[in-house]
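Letters A, B, ... are given to chains in the order of the sequence lines, protein chains preceding strands, and every chain is numbered from 1.
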Protein chains: 2
Amino acid sequence: MTNPTESLSSSLTVDCVIFGLDASSRLKVLLIQRGHEPFEGAWALPGGFVAKYEPLEDAASRILREETGVSDVFIEQLYTVGTPNRDPRGRVVTVVYYALINLVEQSTATKSDNKAVEWYPIDNLPQLAFDHADIMKMAIQRLRGKVRYQPIGFELLPESFTLTQLQNLYETILGKELNKRNFRTKILKMDILKEGSILRGVAHRPAQLYRFDEAKYQDYVKRGFNFEL
Amino acid sequence: MTNPTESLSSSLTVDCVIFGLDASSRLKVLLIQRGHEPFEGAWALPGGFVAKYEPLEDAASRILREETGVSDVFIEQLYTVGTPNRDPRGRVVTVVYYALINLVEQSTATKSDNKAVEWYPIDNLPQLAFDHADIMKMAIQRLRGKVRYQPIGFELLPESFTLTQLQNLYETILGKELNKRNFRTKILKMDILKEGSILRGVAHRPAQLYRFDEAKYQDYVKRGFNFEL
DNA sequence: TCAAAAGTGTTTAGTTTACACCCATGC
DNA sequence: GCATGGGTGTAAACTAAACACTTTTGA
């Protein structure tokens, strides 16, 4: 039952955990160094206020765009934190989103408008401000869980990718090695990839490029198919 | 980056999707009939305001307790909705939680403090107020997804239960029949149930009662075990 | 011709699926 | 003794795991 006649004044913000995969299949996250108290000098997740009539997800997309110049990428709500004293200045409720982008194709123009902005590998994060370390942990956990039964891994890769790249991605996120033979057999048997061109100009046997066939996948889903790796 | 110096005044509420399993393995949800505009007469999820210094989950637990008299049960954040016009009276941001309780053991004392309160089977819901139909859909989807890879189903059953009850629960939530033989083999092989007494006084072969062995489960989890059904 | 990564064959162990059957009880 | 769930045996089909091997390229 919602009765907003007696309204609570609190700050509503949105933070973004922006995951990016670099050229060498390292999973990174975008952090911003705080320029003032509290936590001056510490690194924090990019975030900002939700405007008066702004949908939450729009706010998240806006922040993502402001910090990376990127739009039209995977973005999804992660969790809402509202512990009363998480910000020393007063009560702040923050809706956290996470986004997945590819660092090679996207021009990762981290507009350095006099703020320090940095991509940090997720296994080597600095000290984080507020409760952002907890949030990070949650985000990674969510990514780990979700990547296994939803085809979101493709969001981190370039449009066209090799099976080895895909496997590296899964190995990075899941934190364990996978058997090449079995990985290939399994993913190809799902029949949700379409073949593209051949990646030439490498000092070894050229690889077949694939892209995720969204339409085909949706079709299979309708018929009860479940992605699972 | 959170800087609450310029603060947005908006209403922050918490709603609860309270799932309950009745004696005949029907999955139900607790709804409240609205006594005033907007949506007067329509059914809605129980909810209420977050107090000034109240943690979000405490608010959810409080509402759950107020409506059902129940505490110390499974409760988890589901999603935060904040579409600008979802409440005709102004902007309301709602953090939705879902809870799992057992309707047989818990005294489901739906304190009828002059409000109409009702348990509705999830496959036969009335017209819902606000965007609560969307929220319900999300909650069911989450329950469906989560029940397969987290041992949360036990939260809906009494402390002691038979394997048939457990299977019925899974069949209800997943919406499909499961093979008795295979279900039993699989769940017992996980070795996370401990045997209890025998359920006597029934007009058929008495059943072995089991209870979920939380400690053992946590132990297995530490060693990399993943619940999966 | 060699290094490096792409890509394939095949065996074995384990799991899932499917079906059929027996068991213990109250009425 | 029969209806009603509780509970088990087992064969066949399918997957997963493991390992070793061949292929194609640039330098």
Requested in this report: Could you check how far CZ of A:R184 sits from C1' of D:dC19, rounded to whole Å?
Outcome: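 Spelled out: CZ on A:R184 to C1' on D:dC19 is 16 Å.
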Exercise. Salt bridge between A:R211 and A:E195, side-chain N to carboxylate O under 4.0 Å?
Worked result: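 No, A:R211 and A:E195 are not salt-bridged.
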Practice problem: Look at A:K186 and D:dA16 and indicate whether a side-chain polar atom (N or O) is within less than 4.0 Å of OP1 or OP2. | Solution: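 The answer is yes; a side-chain N or O of A:K186 sits under 4.0 Å from OP1 or OP2.
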Aromatic ring proximity B:F161/B:F212, centre distance under 6.0 Å: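 No, ring centres 6.0 Å or more apart.
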Worksheet entry | Pair A:Y220 + A:F227: ring centers closer than 6.0 Å |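 That pair fails the under 6.0 Å test.
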Phosphate-side-chain proximity, A:R205 and C:dG7, N/O vs OP1/OP2 below 4.0 Å: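 Looking at the OP1 and OP2 atoms of C:dG7, neither is under 4.0 Å from any side-chain N or O of A:R205.
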With nearest nucleotide decided by heavy atoms, which residue, A:N179 or B:L209, maps closer to the 5′ end of DNA chain D?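 Its nucleotide being nearer the 5' end, the pick is B:L209.
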_Just the rounded figure in Å: distance from C1' of D:dC14 to CE of A:M190._
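Atom-to-atom, A:M190 to D:dC14, this comes out as 16 Å.
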Rounding to a whole Å, what distance do you find between A:F183:CZ and C:dG7:C1'?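 Computing the A:F183:CZ to C:dG7:C1' distance gives 14 Å.
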- Starting at CG of A:N182 and ending at C1' of C:dT11, how long is that distance when rounded to a whole Å?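 Those two atoms, CG and C1', are 12 Å apart.
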Exercise. Hey, can you tell me if B:Y170 and B:F183 have their rings parallel, tilted or perpendicular (30° and 60° cut-offs)?
Key: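 The arrangement is tilted - the two ring planes meet at 30° to 60°.
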Test: B:E228 and B:K186 ion pair at under 4.0 Å:
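No salt bridge links B:E228 with B:K186.
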request  = Let me know which of A:I135, A:I122, A:L31 forms a side chain to side chain contact (heavy atoms under 4.5 Å, CB included) with A:V17.
outcome  =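 When side chain to side chain contact (heavy atoms under 4.5 Å, CB included) is applied between A:V17 and each of A:I135, A:I122, A:L31, only A:I135 qualifies.
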- Just how far, in rounded Å, is P of D:dC21 from NZ of A:K180?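 About 14 Å, once rounded to whole Å.
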ask   = Whole Å only: how far is the CD atom of B:E171 from the C1' atom of D:dG5?
value =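 Result: 14 Å.
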- Contact class for A:R181 vs. all strands (heavy atom < 4.0 Å): base, sugar-phosphate, or nothing?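 Here A:R181 touches the bases of the nucleic acid.
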Problem set entry | Integer-rounded Å distance: C:dT17 P and B:L178 CG |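 Atom CG in B:L178 sits about 10 Å away from atom P in C:dT17.
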TODO: Could you tell me whether A:T164 contacts a base, only the sugar-phosphate backbone, or nothing, with contacts defined as non-hydrogen atoms closer than 4.0 Å?
DONE: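 Touches sugar-phosphate only.
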Using heavy atoms to find the nearest nucleotide of DNA chain C for A:H204 and A:I198 separately, return the residue whose nucleotide is more 5′.
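Its nearest nucleotide being more 5', the pick is A:H204.
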Requested in this report: Figure out the CD/P separation between A:E228 and D:dC14, and round it to whole Å.
Outcome: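 Spelled out: CD on A:E228 to P on D:dC14 is 18 Å.
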Original post:
Which angle, to the nearest 10 degrees, lies between the helix axes at the two ends of the helix from C:dT1-D:dA27 to C:dC27-D:dG1, each defined by five pairs?
Top reply: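 Rounded value for the end-axis angle: 0°.
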Query raised in the report: Of all residues at least two apart in sequence or in a different chain, which pass the side-chain contact (heavy atoms from CB on, under 4.5 Å) check with A:A59?
Result: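 Checked A:A59 against side-chain contact (heavy atoms from CB on, under 4.5 Å); matches are A:V14, A:V50, A:E54, A:R62.
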